[in-house]
Amino acid sequence: MTNKTYNADLSRRHFFSKAAAAAGMAIAPGVFLRQVHARPAEQAATSEKRWGILIDTDKCAKGCDSCVTACMNENGWGEINNSEEHSNPHQKAQWIRKVTVKDKQTGHVQSLPLMCQHCENPPCVDVCPTGASMKRADGIVLVDKHTCIGCRYCMMACPYKARSFIHEDLEDQKVVAPRGKGTVESCTMCVHRVDEDGTPACVEACNADNHNAMYFGDLKDPNSEISRQLKQYGGEQLRADLGLNTGVRYRGL
Amino acid sequence: GDAPAPEIPKAKEKATEEYGCVAPVEYMRKNHMDELMHKRDDTLREGIRTDKFSLAECINCHVTPDEDGQFASFGEDEHFCSTCHNYASVSVDCFSCHRDTPEDTDYRHSFNVGNNPHHGKMALKGN
Amino acid sequence: MSALSVTYAILFYAATLLLVVGLVRKIALYARTPAPLKIPTTPAPVNRTGVVLRMVQEVVLFTSLFKATKWTWLFGWLFHLGLLLVLLRHLRYFQAETWFWVDLIQPFGKYASYAMVVGLLGLFARRIFVDRVRYISAPSDYLMLLLLIVIGISGMLMTFVTHTDIVMVKGFFLGLLRFSIEPLPSDLLLLTHLTLVALLMIIFPISKLLHAPGVFFSPSRNQVDNPREKRHLAPWAADLEK
Amino acid sequence: MKKAQFMEIEGRSFGYLALLGILGAIILVALGAWYVMEHHGHYVTGMNNAIVWGTPHIFAIFLIVAASGALNVASISSVFNKTAYKPLARLSGLLAIALLAGGLMILVLDLGRPDRLIVAMTYYNFKSIFAWNIILYNGFFVIVAVYLWMMMQQSMNKYSKPVGIAAFLWRLILTTGTGSIFGFLVARDAFDAAIMAPMFIIMSFSFGLAIFLLVLMASYRWTGRPLGDALFQRLKNLLGVFVAAVLYFVLAYHLTNLYATEHHGIEAFILRDGGIYTQLFWIGQIVLGSLLPLLLFYHPSWGKKRSLVGLGAVLVIIGGLIQLYVLIIGGQAYPLEIFPGKEVIESSFFDGQVAQYTPSMWEVLLGLGGMAVALIMVALAVKILRFLPTSLADEDVDPHHSA
Amino acid sequence: MADFETPELREYPIIPKLKEGVMEHSKPYVAKVQFQEALGFPGELVDNWEEKALEKLDDLRGRYRSLQVYLDSCVKCGACTDKCHYYLGTSDPKNMPVARQDLLRQVYRRYRTFAGKYFPKLVGAKDLTKDVLDDWYSYFHQCSQCRRCSVYCPYGIDTAEISMAAREIMDTIGVGQKYCNEIIGKAATVGNNLGLPEPALADTLEGLEEEVEEDTGVPVKFPLDQKGAEILLVTPSADFFAEPHVDGLIGYAKVFHEAGVSWTMSSYASEAANFGMFIGSYENMRNLSLRIRKAAEDLGVKRIVFGECGHAWRVAYSFLNTLAGPFDFLDPNYPVPQHICEFTYDLIQKDKLKFDKSENDHMTLTFHDSCNVARASRMGDKAGGQFDIPRAIIRAACNNFVDMPADAIGEATFCCGGGGGLLTDDLMELRVKGAQPRMEAYKRVVEDNGVTNVAAICAICKSQFTKVLPYYGFGMTDIVSVHQLVSEALILSDAPSDDTESNAEAEA
Ligand code: HEM
Ligand code: HEM
Ligand code: SF4
Ligand code: SF4
Ligand code: SF4
Ligand code: SF4
Ligand code: SF4
Ligand code: SF4
C-alpha cells in the first residue's frame with residue numbers, strides 16, 4: 001500500500017531515468033557510474049534524484065550502534081566532543097538513535113536506527129515560519145541554520161522526534177557540519193558527502209562493520225541498489241498513515 | 001599614516017595569480033559579506049559546492065598559525081576576520097556555528113575544485 | 001595623498017570649525033543674555049529637580065509636542081530617535097577603540113536609519129499636505145528635510161545596497177583626528193553622504209537646527225516656579241533700582 | 001444620554017507610582033531571566049528536545065489568546081451596537097494591543113535566536129501557519145490602533161464602525177490562526193483536532209473578558225471613578241456565559257477524541273493516567289478554572305460581591321493558564337506514536353516514555369514579565385491618552401438604566 | 001448686531017481651513033500723542049523708524065533671553081498652529097502663533113542672521129517696510145498673550161513674549177495702542193485704570209457697606225486707606241461697580257469679615273491690573289507695581305492679597321517680587337502676595353467658613369480657567385494649585401459643578417478672547433471671534449450637562465463674557481464671580497437669627 005504512493009511518485013521521473021539508462025548502456029560501465037552520480041560542484045542539486053536510505057531491521061544488529069557513532073564522528077555531535085556538557089540527556093542533540101521495539105502481539109523484538117526520515121511532504125518544512133526548514137530538490141530535508149530563529153515549531157511538527165535544539169554554546173565544530181546554540185538540527189543525510197558523490201557516514205559504517213543493514217541511493221533511479229532492493233523485498237515507512245512519503249524506509253518491521 | 005589601522009594577517013597562499021584573493025582585494029574588502037551570504041544560500045539550498053567564496057575556504061587560507069603554530073580564534077583580535085571586524089565594530093555570528101580555524105584535515109577543502117583528490121573516491125561502496 | 005582626500009580633509013576641518021565656533025558663540029549668547037522675569041509655562045515645576053525632570057521629558061519624549069499633535073510627534077520622534085541611534089552608531093568611525101556600547105548598538109543603529117528616514121518622509125509629507133504647515137514653511141524648511149533625507153538614503157544605500165570600504169573610511173577620519181590625511185574611498189555615494197554632512201554641519205549654527213541647544217535655554221521650560229519664595233532679578237533690572 | 005467624558009488618569013499618586021515600580025521591577029527581573037536563558041542557552045530551562053515549548057509558551061499563548069478576547073467589549077459596542085459598552089471600547093482596544101504585545105514579547109525572547117527577529121520579519125514561508133500568524137499579529141496591532149484612532153478622534157468617529165467590524169473579523173481569524181498552530185500538528189495526538197480553532201476562539205472570549213474585568217475594576221477603584229453595578233453585572237454575566245461555553249467545548253473535545261480510537265491513548269493519559277496532568281486537568285482546569293467561577297458568578301449573593309466576582313475572574317485566568325499547560329505541555333509529554341502496534345523497549349532518546357518537564361524559574365519569570373509588560377502598557381497608556389471614561393456610573397452609561 | 005458674522009459653534013472643535021487676510025483690517029485705535037508721551041514714548045511714528053525699530057529689537061534681544069532663543073529656535077513644526085483661539089475663531093493664518101512670531105522673526109532674520117542677509121527668499125526673511133509694520137500693528141494686537149501656544153510648543157516658545165516685544169518696539173517708534181497706553185497713564189497717576197479718585201472710591205464702598213448690611217443684617221465693612229490694617233487688598237477696579245465683578249468684591253469682604261481679620265484697600269494703589277505687561281514694558285510694569293509697595297508701606301499692612309484678576313495675578317505672583325521686592329517688611333508667614341482664592345481656600349481647609357450650598361442650587365456651574373492664572377502663575381504650594389483651589393472653592397459653595405471638556409480647561413484652557421489689552425470696543429469683531437473656542441466648550445456642557453453659569457476669577461474674562469455671551473445666544477448674566485458664589489452661600493456667623501434675615505430679604 002505504501003509502495004503504491006511511492007511508485008506513483010517515481011513515475012514522474014521515470015522517463016528520465018529510462019533515458020539515462022538507455023544512454024548509459026552504450027558506454028563502459030565505469031564511466032556510466034560516474035556520469036549518473038557525479039554532479040559537478042557548481043551544479044545545483046536536481047529533482048531528478050531523490051536520495052533515500054533503506055534499513056533492513058532484520059540485519060540491524062542488537063547492541064550495535066556503529067551508525068550512531070559514525071554520525072557523531074562525521075558531524076561532530078554527541079559525546080565525541082563533550083561540548084554539550086551543560087545540557088541534560090533530554091536536551092542533548094541526537095541526529096540518529098538506536099531504538100529497540102517489541103511487537104505488542106507477537107513479542108518480536110527488533111532494533112533499528114532512527115533519524116530524520118527526509119519526508120517528501122515534511123511537516124517540519126510546512127510549519128517553519130522563516131523557511132529555514134527546507135527540502136532540497138533531491139529530497140534531502142535540511143535546516144538552513146542561517147535563517148532558523150529557534151522557534152522549535154518544526155520539532156512540534158515532526159512525527160519522529162527527529163530534530164534537536166541546541167541548548168548551549170558549542171565549540172570546535174566540524175567544518176562540514178556547523179552547529180550552534182539556538183538553532184534546530186537533524187540528520188542532513190550527510191549532504192556534504194552526498195554532494196561529493198559520497199555515502200552517508202552511517203551507511204558507510206554499517207557496511208564497514210559488515211552488517212550491511214543500510215542501503216543508500218537514488219530512489220528515482222530504478223537501477224540503483226536501493227530501488228532494486230525495495231522493488232524486490234519491499235520496505236515500509238514509519239507512520240505511513242500520515243502520508244509523508246518518507247525517504248528513509250524500513251524493511252522487516 | 002598615523003591613524004590606527006587593522007593589522008590584517010597575510011593569507012597562506014594565493015587563490016588567484018591576478019589578485020591574490022578569490023576576487024580583487026578591493027572588491028573583497030567591500031563585498032565579502034554579500035558574496036558569503038549568497039554563497040551560503042547556494043550551498044545550502046542548491047547544493048552548489050564550489051570553493052569560491054566558501055567560508056571554509058576563507059578560513060583555510062586566511063586563518064594562519066602564529067609562530068607557535070597556534071591559531072587565533074574569532075574571539076581574539078589576531079584572528080583574520082576579527083582584525084577588521086573589531087576595528088570596524090562589526091559583529092558577526094558566523095562563528096557560533098562555523099569553525100573559526102582550519103580543521104586539521106584537508107577533507108575536500110583544498111582549494112582547486114577540479115583537482116579534488118576525493119572526487120569519485122566515495123562512489124557507492126558496499127551497495 | 002590624493003586630491004580627493006585633501007579636498008575632503010579641508011572640507012571637514014572647515015565644517016568642524018564653523019560648527020564648533022558657531023555653536024559656542026550661540027550658546028554663549030544664550031547663556032549670557034539674562035531672563036529678567038519668571039515665565040515658566042504650566043505645568044511648572046516648583047524646584048530644580050522638577051525642572052531637570054521636565055527638561056529630560058521634553059528632550060527625550062517631546063512631551064509638549066505629544067500634547068499638541070500626535071502625528072507630528074510620531075514622525076518627529078521617530079526621526080530624532082533614529083537620528084540619535086545612527087549618530088551613536090557612527091561613533092565607530094571616530095574611535096580607534098570603540099566603547100563597548102557602541103559595538104552593542106551597531107545592529108540596531110543599522111535599522112534605526114529606517115526610523116529616521118520614515119520619520120523624515122512623514123514630516124515632509126506633513127509640510128506638503130497640511131495647509132497650516134505649508135503656510136508657515138519657507139523653502140529652507142523643505143530643503144532641511146530633503147538634506148537629511150538624502151544623507152539618510154545615501155547612508156542606507158551604503159549599508160544595504162552597495163557597500164563602501166568602511167575600514168578605509170574609518171582610517172580617513174581617525175587620520176583627521178590626528179592631523180594626518182589618509183586615503184578615502186572614492187565611491188560616489190560616500191562622497192555625496194560626506195559632502196552633505198559637511199553642509200549640515202556648516203548650516204547647523206545658522207539655522208533652525210539651533211533648536212537643539214535652544215530648548216535647554218528656553219525660559220518657559222527651564223525656570224523654577226518659585227517667584228514668591230525667591231526674588232529673581234536680572235542685572236540690568238537691578239540697575240533700575242539704584 | 002450624557003456623552004462619555006474620557007480623561008487621562010492623574011497618575012501622580014503613590015499607589016500609581018508604586019504600581020509602575022512593581023511592574024517595572026518584574027519586567028527587569030524577567031529581562032534578567034531572559035539574559036540568563038540567552039547567555040547560557042536553553043539548557044537552564046526545563047525545556048528539552050521532547051517538551052520544546054514550555055512555560056513561556058503557556059504565558060505567551062494565553063496572552064495572545066486573551067488579547068483577541070479583550071477586544072470583545074469593543075466589538076460588542078461597535079459591531080453589535082450595544083451602546084452601554086461604548087465607553088469601554090477604548091480600554092478594550094488598548095488592552096488587546098497590550099496583551100498581544102506582552103505575549104509576543106515572551107515568544108520572541110524565548111526564541112533560540114532572538115537576535116534574528118529581523119529574519120522572522122523578512123523571511124516568510126507562506127505555507128507556515130506560524131508565518132501567517134506573524135502577519136496576523138502585526139495586522140492586529142495596526143487595525144486595532146486604527147480602530148482606537150477612529151474612536152478617539154471625534155472627526156473620525158464615523159469610521160469607527162466599519163473599522164470595528166474589520167477588527168472583529170480580523171481577531172476571529174487571528175484566534176483561529178493561533179488555534180491552528182496546534183490544530184495542524186498532525187503528528188501529535190493531543191492537538192490534531194478540528195475543534196481546536198473554535199475552542200481557542202471561545203477561550204479567547206473568556207480569558208480576555210476576565211482580564212478586562214479585573215483591569216476595569218482595578219483602574220476604577222484605584223482612580224476613585226465610579227463604576228456602575230448594572231454594567232458590572234452585565235460584564236460578569238457575559239463572562240459566566242463564556243466560561244460555561246469553554247467548558248462545553250472542552251467536553252466536546254474530549255468526547256470526540258474518545259470516539260476516535262487512535263486518540264484513546266492520549267485521552268486516557270489526560271483524563272486518567274497522566275499524573276500531574278490529570279490532576280491539573282480535573283482540579284485546576286475543571287474545578288478551579290470553570291466550576292468554581294461559575295458558582296461565584298451565579299450564586300445569588302456571592303455574584304453581587306465585587307470581590308468575589310473578581311476572585312472568580314482571577315480563577316478563570318489561573319484556570320486558563322492551567323488549561324493551556326495541560327494542553328500544550330501535557331500534549332507534548334505524551335509520547336509520540338512512532339511505531340504503531342509496537343512497544344519501545346529501549347531507546348537512547350527516550351522514545352515511548354512520558355517526557356519529563358519541570359518549569360524553571362527563568363521561564364516562569366519570563367512569562368510573568370510578559371504579563372507585566374501588558375499591564376504596564378495599560379497603566380502608562382491610560383495616563384498618557386484618554387482611554388478611561390471619567391464615570392461609568394450606571395446613569396452615565398446606560399440610557400435605559402433604571403436604578 | 002455687527003458687521004461681521006459670529007462664528008458657528010459645532011459639536012466638537014474643527015480646525016478651520018486658512019483664509020488669508022481676513023483679519024488684516026482689525027486694528028485698535030492708535031494712542032494719541034499726549035498718552036504716548038506720558039509714558040515716555042514718541043508721540044507719533046518717528047522718521048527713521050526702521051532703524052529705531054531694529055535698534056530696539058537688538059536692545060530687547062540683549063535684555064530678554066526668551067526673545068533671543070525664541071527667535072532662533074522655532075523649527076516650524078506647526079504644533080502651535082491650531083492652538084490659538086484667534087486662529088480658530090478667525091481662520092486668519094497670521095493668527096497662527098508661529099505665523100505671528102514670524103512677522104517679527106522675518107525681520108530679525110533679514111537684518112541679523114547670515115542666511116537672511118544673503119538668502120532672504122530661502123529662509124523667508126523680509127525687509128522692514130510699512131506693510132510689515134502694518135501687519136505688526138494688526139496682528140500683534142490680535143494676541144491676548146494667553147500662552148496657550150507656549151504649552152504645546154516643543155521648545156516652549158511663548159508668542160506672548162514676542163507680542164510684548166513687538167508692542168514695545170512699536171511704542172518706541174511712536175505707534176502705541178490707545179486702550180492700553182491711556183489706561184497705564186491713568187493707573188500711574190490716579191491709581192486705577194478707571195481713573196476713579198479717592199472720594200469716588202470711598203463713596204462706592206460706603207454704598208456697598210449699606211447694601212450688604214441691608215441684605216444680610218451684618219455690618220460687613222469695606223475699609224479704605226485704613227492704616228495699620230493687617231491686610232492690603234488690591235483688586236481690579238472693575239470690582240468696584242461692574243456686574244458681576246462687584247458681587248465678587250462683596251464676597252471678599254464677607255470672607256474677611258468672617259475670618260475676623262482687619263483689612264483695607266488703598267486709594268493710592270486701587271488697581272490690581274497692570275497693563276504695563278501688555279505692552280511688554282518692564283519699566284511701566286515696575287512703576288505700577290511700586291505703587292502697591294508704597295501703599296503697603298504707607299498703610300503698614302502685614303500682608304497683601306489680590307482680588308480676582310487673571311493677568312493681575314500673573315504680574316503679582318510671578319513678577320511683583322522681582323519688580324517691587326523684596327517685601328521683607330511684611331509677615332513672612334504668608335506668601336507675598338496672596339490670592340484671594342488662596343485666602344478663602346485656607347479658611348475652608350481650616351473649616352472656618354460655613355456654607356449653605358443650597359443658596360446656589362438654581363445654578364449648575366462650570367469654571368473658566370483664566371489664561372494668565374492657568375498658564376503663567378500658580379496658587380497654593382503645589383503645582384497645579386491654580387486649577388484645584390478655585391474648583392475646591394466652587395465645590396464648597398455649590399452643589400452642581402461640571403467641568404468643560406478637558407481640551408478647554410486646565411493648562412489647555414482657552415482665553416476668553418479679551419485678554420492682553422484687547423478688551424476694547426474697537427476690537428469687538430476680534431473679541432467675538434476669539435471667544436468661539438471657549439463658547440464651543442461652554443455649549444458642550446450647557447447641552448450635555450445642563451450647565452447654566454460659568455464662573456471666572458478674572459476681571460477681563462468677566463467683562464468679555466458679559467459682552468460676547470449674547471453673540472453666541474447665551475445669557476449675558478451667565479458669567480459669575482467665584483467669590484460671588486462664596487458670597488451667596490457663606491453663612492455669616494454673626495448674622496441675626498433666621499427670622500430677621502428672612503425679614504430683611506422680604507423687605508429687599
Ligand atoms: C536636544 C536635541 C534635540 C531636540 C530636543 C529636538 C527636538 C525637536 C523637536 C521637538 C522638533 C519638532 C518636531 C518635529 O518636527 O520633528 C524638532 C524638529 C526638527 N529637528 Fe530636532 N531636536 C534635537 C536635535 C536635533 C538635531 C541634532 C537635528 C539635526 C541634525 C535636528 C533636526 C531637526 C529638524 C530638521 C527638525 C524639523 C523637522 C521639520 O522640518 O518638520 N534636531 N526637533
Ligand atoms: C563625518 C560624518 C559621517 C561619516 C564619516 C559617515 C559615514 C557613513 C558611512 C560610511 C555609512 C555606511 C555605513 C555602512 O555601510 O554600514 C553611513 C551610513 C549612514 N549615515 Fe553617515 N556618516 C557621517 C555622518 C552622518 C550624519 C551626520 C548623518 C545623519 C544626519 C548620517 C546618516 C547616516 C545614515 C542614516 C546611514 C545609514 C544607516 C547606518 O548605516 O547607520 N551620517 N555613514
Ligand atoms: S550500524 Fe548497522 S547494524 Fe549497527 S545499529 Fe546501525 S544499522 Fe544497525
Ligand atoms: S522526519 Fe521530521 S524532521 Fe525529518 S523531514 Fe520528516 S518531519 Fe522533517
Ligand atoms: S526552529 Fe528553525 S527550522 Fe524549526 S521551525 Fe523554527 S525557524 Fe524553522
Ligand atoms: S545520514 Fe549522515 S547525518 Fe544522517 S544519520 Fe547518517 S551519518 Fe548522521
Ligand atoms: S499667546 Fe495666546 S493669543 Fe497669543 S498667539 Fe499664543 S495662543 Fe494666540
Ligand atoms: S510650536 Fe514652537 S517650534 Fe513649532 S512652529 Fe510653533 S513656535 Fe515654532
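Letters A, B, ... mirror the listed sequences (proteins, then strands); counts begin at 1.
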Is it the backbone or the side chain of [X] that comes under 4.5 Å from a heavy atom of chain E, or both, or neither?
X	answer
C/Lys230	backbone
C/Ile203	neither
C/Pro40	backbone
C/Leu29	side chain
C/Ala234	neither
C/Ala31	backbone

Should we count [atom1] of [X] as having more than 12 external heavy atoms under 6.0 Å?
X	atom1	result
E/Lys126	NZ	no
C/Lys70	NZ	yes
C/Asn47	CG	yes
C/Phe108	CZ	no

Answer yes or no: is there a donor N or O on one side and an acceptor on the other, between the side chain of [X] and the main chain of [Y], under 3.5 Å?
X	Y	result
C/Thr41	E/Arg375	no
E/Arg65	C/Tyr30	yes
C/Arg228	E/Pro335	no
E/Asp72	C/Leu210	no
C/Thr42	E/Ala374	yes
C/Arg132	E/Leu18	no
E/Arg286	C/Ala237	no

Measure the spacing between [atom1] of [X] and [atom2] of [Y] and express it to the nearest 0.5 Å.
X	Y	atom1	atom2	answer
E/Tyr70	C/Phe217	OH	CZ	13.0 Å
C/Arg221	E/Cys153	CZ	SG	6.5 Å
C/Ile202	E/Phe114	CD1	CZ	10.0 Å
E/Ser73	C/Lys208	OG	NZ	12.0 Å
E/Arg147	C/Ser220	CZ	OG	6.5 Å
E/Ile157	C/Ser64	CD1	OG	11.0 Å

Is the closest side-chain heavy-atom distance between [X] and [Y] below 4.5 Å?
X	Y	value
C/Lys67	E/Lys83	no
E/Cys74	C/His211	no
E/Thr322	C/Leu37	yes
C/Pro227	E/Asn321	no
C/Glu229	E/Asp381	no

Hey, which of [options] has the most heavy atom pairs under 4.5 Å with chain E?
options	result
C/Val130, C/Asp131, C/Leu65, C/Thr72	C/Asp131
C/Asn222, C/Leu123, C/Val46	C/Val46
C/Ile39, C/Asp141, C/Val133	C/Ile39
C/Pro45, C/Ala138, C/Gly50	C/Ala138
C/Arg127, C/Arg231, C/Arg126	C/Arg231

Go through the atoms of [X] and report whether side chain, backbone, both or neither lie under 4.5 Å from a heavy atom of chain C.
X	answer
E/Phe119	neither
E/Cys77	both
E/Tyr317	both
E/Ser150	both
E/Lys17	both
E/Leu320	neither
E/Ala376	backbone

Legend entry - C/Thr69 and E/Tyr152 side chains, donor-acceptor separation under 3.5 Å: no

Legend entry - Check: C/Tyr135/E/Asp102 side-chain N/O donor and acceptor closer than 3.5 Å: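 The criterion, which ignores hydrogens and geometry beyond distance, is not satisfied for E/Asp102 and C/Tyr135.
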
Inset, instruction - Look at the rings of C/Trp236 and E/Tyr64 and say which category their plane angle falls in: under 30° parallel, 30 to 60° tilted, over 60° perpendicular. - result: perpendicular

Legend entry - chain C contacts, top residue of E/Ala160, E/Ala115, E/Ala99, E/Gly62 (heavy-atom pairs, under 4.5 Å): E/Gly62

